[in-house]
Amino acid sequence: MKRFITAFLALVLFISASCPIHAKKKNSSSQPSLDVSAPSALLMEAETGTILYEKKEHTSRPPASVTKVMTLCLIFDAIEKKQIALTDEVTVSEHAASMGGSQVFLEAGEVQTVETLIKCISIASANDACVAMAEFICGSEEEFVAQMNKKAADLGMEDTHFVNCCGLSANGHLTSAYDIGLMARELSVRHPQIHDYCTIWMENIIHRTKRGDSEFGLANTNKLLKQYPYATGLKTGYTAAAKYCIAATAEKDGVKLIAVLMGAPDIKSRTADAQTLLNYGFSVCRIYKDKNPSPLPDIAVKKGEKDSVALTYESDMSYVSTNGEDLSNVTKKIRLPKSVTAPVKKGDTVGKVTYYSGEKELGHINILYADSVKHAAFADYFLSLLQKLFLLA
């Protein structure tokens with residue numbers, strides 16, 4: 001009998017060890033019940049990246065022209081690094097001019113500025129302008145796409161693989177609502193000037209070709225700009241395979257949101273879903289920012305070549321609440337030592353300021369040394385003694 005019990009227990013342990021351990025599901029009470037028809041969706045608070053709503057957010061799908069969010073990221077990265085400038089002139093290639101889908105009908109040999117091509121991409125979702133910029137920055141669309149995939153990996157976009165820079169249907173050209181949220185945040189927060197372009201409703205450009213100059217009108221593809229008062233961009237997309245997609249940005253009372261929808265059945269549903277997500281986000285999201293940080297004192301330095309050192313905050317304080325809590329009475333407490341001993345290094349942490357709402361800690365910011373102070377040598381002590389003697393005299 002003992003042998004039977006022992007064998008039975010061993011069998012139970014073997015079966016238990018063989019079964020996979022499933023990750024715990026997100027607490028359903030923290031996920032709002034929203035009427036969103038699109039099969040994949042995400043709502044993110046832009047400044048902190050806090051996820052407010054998600055629906056099959058890691059399902060890889062074709063993104064159509066929302067792809068251009070990453071294309072614009074690389075364009076503005078290149079501008080930031082001074083590799084290119086808004087006034088640089090770009091000559092359109094045969095390959096760029098051959099793009100189908102949404103386009104502004106650039107001709108081979110036509111010359112446009114970087115800024116004009118950014119407008120063509122941001123407003124009219126122009127595939128030909130995307131390829132022209134890709135070739136201008138990297139020499140070829142293929143190399144530019146390689147850089148898009150590298151950037152995606154750097155941002156943690158694990159559901160993404162780009163095949164082209166404009167979003168035309170192609171085997172393996174896929175991303176997810178979550179990954180679109182990541183790249184939309186990168187573009188919107190790191191390069192906020194994008195909103196100067198993607199909020200333009202209509203504008204004319206001039207085609208300059210061998211046949212002369214001709215005017216062409218750009219019309220914004222993001223109708224949410226006219227239908228939602230807080231909309232600030234960002235990019236729409238449609239193909240037969242992708243259906244209707246959008247990365248929609250909006251701002252109200254200092255709160256910045258990113259709503260992502262993939263695979264909506266039609267424009268009306270996409271617009272309604274975006275408004276549903278954004279309205280929910282604005283109803284629950286509150287932002288606290290310390291607009292008046294307390295001045296920091298110099299701190300005494302022992303055994304240093306200087307008697308004191310200045311301090312600075314590591315960053316600004318920003319806290320996002322997703323439950324509608326009152327953040328009007330936030331308090332803060334600064335913790336610093338009375339003195340420090342040399343050597344001290346610029347940028348090292350010396351203390352912190354902690355923020356509270358009632359007894360709840362909202363977060364903290366490190367306080368850093370603003371300068372370095374070396375350990376005092378004998379000559380420093382001797383010079384200090386002489387200075388004091390002269391003062392006494």
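All residue numbers refer to positions in the sequence shown, counting from 1.
We find that Arg190 and Glu80 are joined by a salt bridge, their nearest charged nitrogen and carboxylate oxygen being less than 4.0 Å apart. Asp371 and Lys346 are not joined by a salt bridge, as no carboxylate oxygen comes within less than 4.0 angstrom of a charged side-chain nitrogen. Using a 4.0 Å cut-off between a side-chain N of Lys or Arg and a carboxylate O of Asp or Glu, Lys289 and Glu47 qualify as a salt bridge. Using a 4.0 Å cut-off between charged side-chain N and carboxylate O, Asp77 and Lys81 make no salt bridge. Of the charged side-chain nitrogens involved, none lies within less than 4.0 Å of a carboxylate oxygen, so that Glu110 and Lys210 do not count as a salt-bridged pair.
A distance of 5.0 Å separates SG of Cys285 from CD of Glu45, quoted to the nearest 0.5 Å.
Taking the six-membered ring where the residue is Trp, Phe105 and Phe216 present perpendicular rings, their angle passing 60° and hence far from 30°.
Thr236 and Thr221 share a side-chain donor-acceptor pair at under 3.5 Å. Side chains of Lys332 and Thr354: a donor-acceptor N/O pair is absent below 3.5 angstrom, by distance only. Of the N and O atoms on the side chains of Glu143 and Ser140, not one donor lies less than 3.5 Å from an acceptor on the other residue. A donor atom on one side chain and an acceptor atom on the other are found under 3.5 Å apart for Asp290 and Tyr355. Side-chain N/O atoms of Asp159 and Ser60 include no donor and acceptor closer than 3.5 Å. Counted by atom type alone, Asn127 and Lys68 present one or more donor-acceptor pairs between their side chains at under 3.5 Å. Counting only N and O atoms by type, the side chains of Ser188 and Thr249 include no donor and acceptor under 3.5 Å apart. Remark: the Ser37 side chain and the Asp273 side chain contain an N/O donor-acceptor pair separated by less than 3.5 Å.
Side chain of Thr113 to backbone of Thr116: a donor-acceptor contact under 3.5 angstrom is found. No side-chain donor-acceptor contact under 3.5 Å links Thr175 to the backbone of Pro63. For the pair Asn279 (side chain) and Thr276 (backbone), a donor-acceptor distance under 3.5 Å is absent. With Gln112 contributing its side chain and Ile206 its backbone, the two residues share a donor-acceptor pair below 3.5 Å. At least one donor-acceptor pair closer than 3.5 Å links the side chain of Asp128 to the backbone N or O of Val104. Of the possible polar contacts, none joining the Tyr369 side chain to the Thr312 backbone as a donor-acceptor pair under 3.5 Å is found. Between the Ser98 side chain and the His95 main chain, a donor and an acceptor come within less than 3.5 Å of each other. Not one N or O on the side chain of Lys352 forms a donor-acceptor pair closer than 3.5 Å with the backbone of Thr349. With hydrogens and angles ignored, the 3.5 Å screen pairs no side-chain donor or acceptor of Ser269 with any backbone N or O of Pro265. Put simply, the side chain of Asp253 never gets that close to the backbone of Val255: no donor and acceptor are under 3.5 Å apart.
Within a 6.0 Å radius of NZ in Lys55, other residues, nucleotides and ligands contribute more than 12 heavy atoms. Sparse packing is recorded around NZ of Lys374, with 12 or fewer heavy atoms of other residues, nucleotides or ligands lying under 6.0 Å away. In this structure, Asp35 places its CG atom where only 12 or fewer heavy-atom neighbours from other residues, nucleotides or ligands lie under 6.0 Å away. For Asn323, the CG atom sits in a packed shell: over 12 heavy atoms of surrounding residues, nucleotides or ligands are nearer than 6.0 Å. Counting heavy-atom neighbours within 6.0 Å of Tyr178 OH, excluding the residue itself, gives a total of 12 or less. Other residues, nucleotides and ligands contribute at most 12 non-hydrogen atoms within 6.0 Å of the CG atom of Asp316. Sparse packing is recorded around CD of Glu158, with 12 or fewer heavy atoms of other residues, nucleotides or ligands lying under 6.0 Å away. Environment of NZ in Lys56: sparse, with no more than 12 heavy atoms of neighbouring residues, nucleotides or ligands closer than 6.0 Å.
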Legend entry - Worked verdict on Ser40 versus Arg61 for side-chain contact (heavy atoms from CB on, under 4.5 Å): CA-CA 9 Å; Ser40 290; Arg61 299 174 179 274; 2.8 Å; yes
Inset, instruction - Take Ile180 and Met262 through the test side-chain contact (heavy atoms from CB on, under 4.5 Å) and record every step on the way to the result. - result: CA-CA 10 Å; Ile180 290 174; Met262 300 188 75; 3.7 Å; yes
Legend entry - Full working for side-chain contact (heavy atoms from CB on, under 4.5 Å) between Ile194 and Leu234: CA-CA 8 Å; Ile194 182 57; Leu234 182 63; 4.0 Å; yes
Inset, instruction - Test Thr271 against Lys223 for side chain to side chain donor-acceptor pair (under 3.5 Å), laying out the working first. - result: CA-CA 8 Å; Thr271 300; Lys223 308 311 175 189; over 6 Å; no
Inset, instruction - Please report the C-alpha distance between Leu277 and Leu34 in whole Å, then the side-chain angles of each, then the deciding distance to 0.1 Å, and finally whether the side-chain contact (heavy atoms from CB on, under 4.5 Å) criterion is met. - result: CA-CA 8 Å; Leu277 290 175; Leu34 300 177; 3.9 Å; yes
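Residues Val163 and Leu74 fall into different hydrophobic clusters, defined by Ile, Leu, Val, Met, Phe, Trp and Tyr side chains chained together at heavy-atom separations under 4.5 Å. Met148 and Leu168 fall into different hydrophobic clusters, where Ile, Leu, Val, Met, Phe, Trp and Tyr are joined by side-chain heavy atoms under 4.5 Å apart, directly or via other members. Cluster membership check: Leu86 shares its hydrophobic cluster with Leu187, using side-chain heavy-atom separations under 4.5 Å among Ile, Leu, Val, Met, Phe, Trp and Tyr. Linking ILVMFWY residues whenever their side-chain heavy atoms come closer than 4.5 Å, directly or via other members, leaves Leu257 and Tyr319 in distinct clusters. Cluster membership check: Val320 shares its hydrophobic cluster with Tyr230, using side-chain heavy-atom separations under 4.5 Å among Ile, Leu, Val, Met, Phe, Trp and Tyr.
Between Leu225 and Thr199 there is a side-chain heavy-atom pair separated by less than 4.5 Å.
Contacts of His364 classified as side chain to side chain donor-acceptor pair (under 3.5 Å), with partners at least two apart in sequence or in another chain: none.
Leu224 and Ala274 make their closest contact through CD2-CB, 4.0 Å (heavy atoms, listed as atom of the first residue, atom of the second, distance).
Between Phe162 and His173, a ring centre-to-centre spacing shorter than 6.0 Å is recorded.
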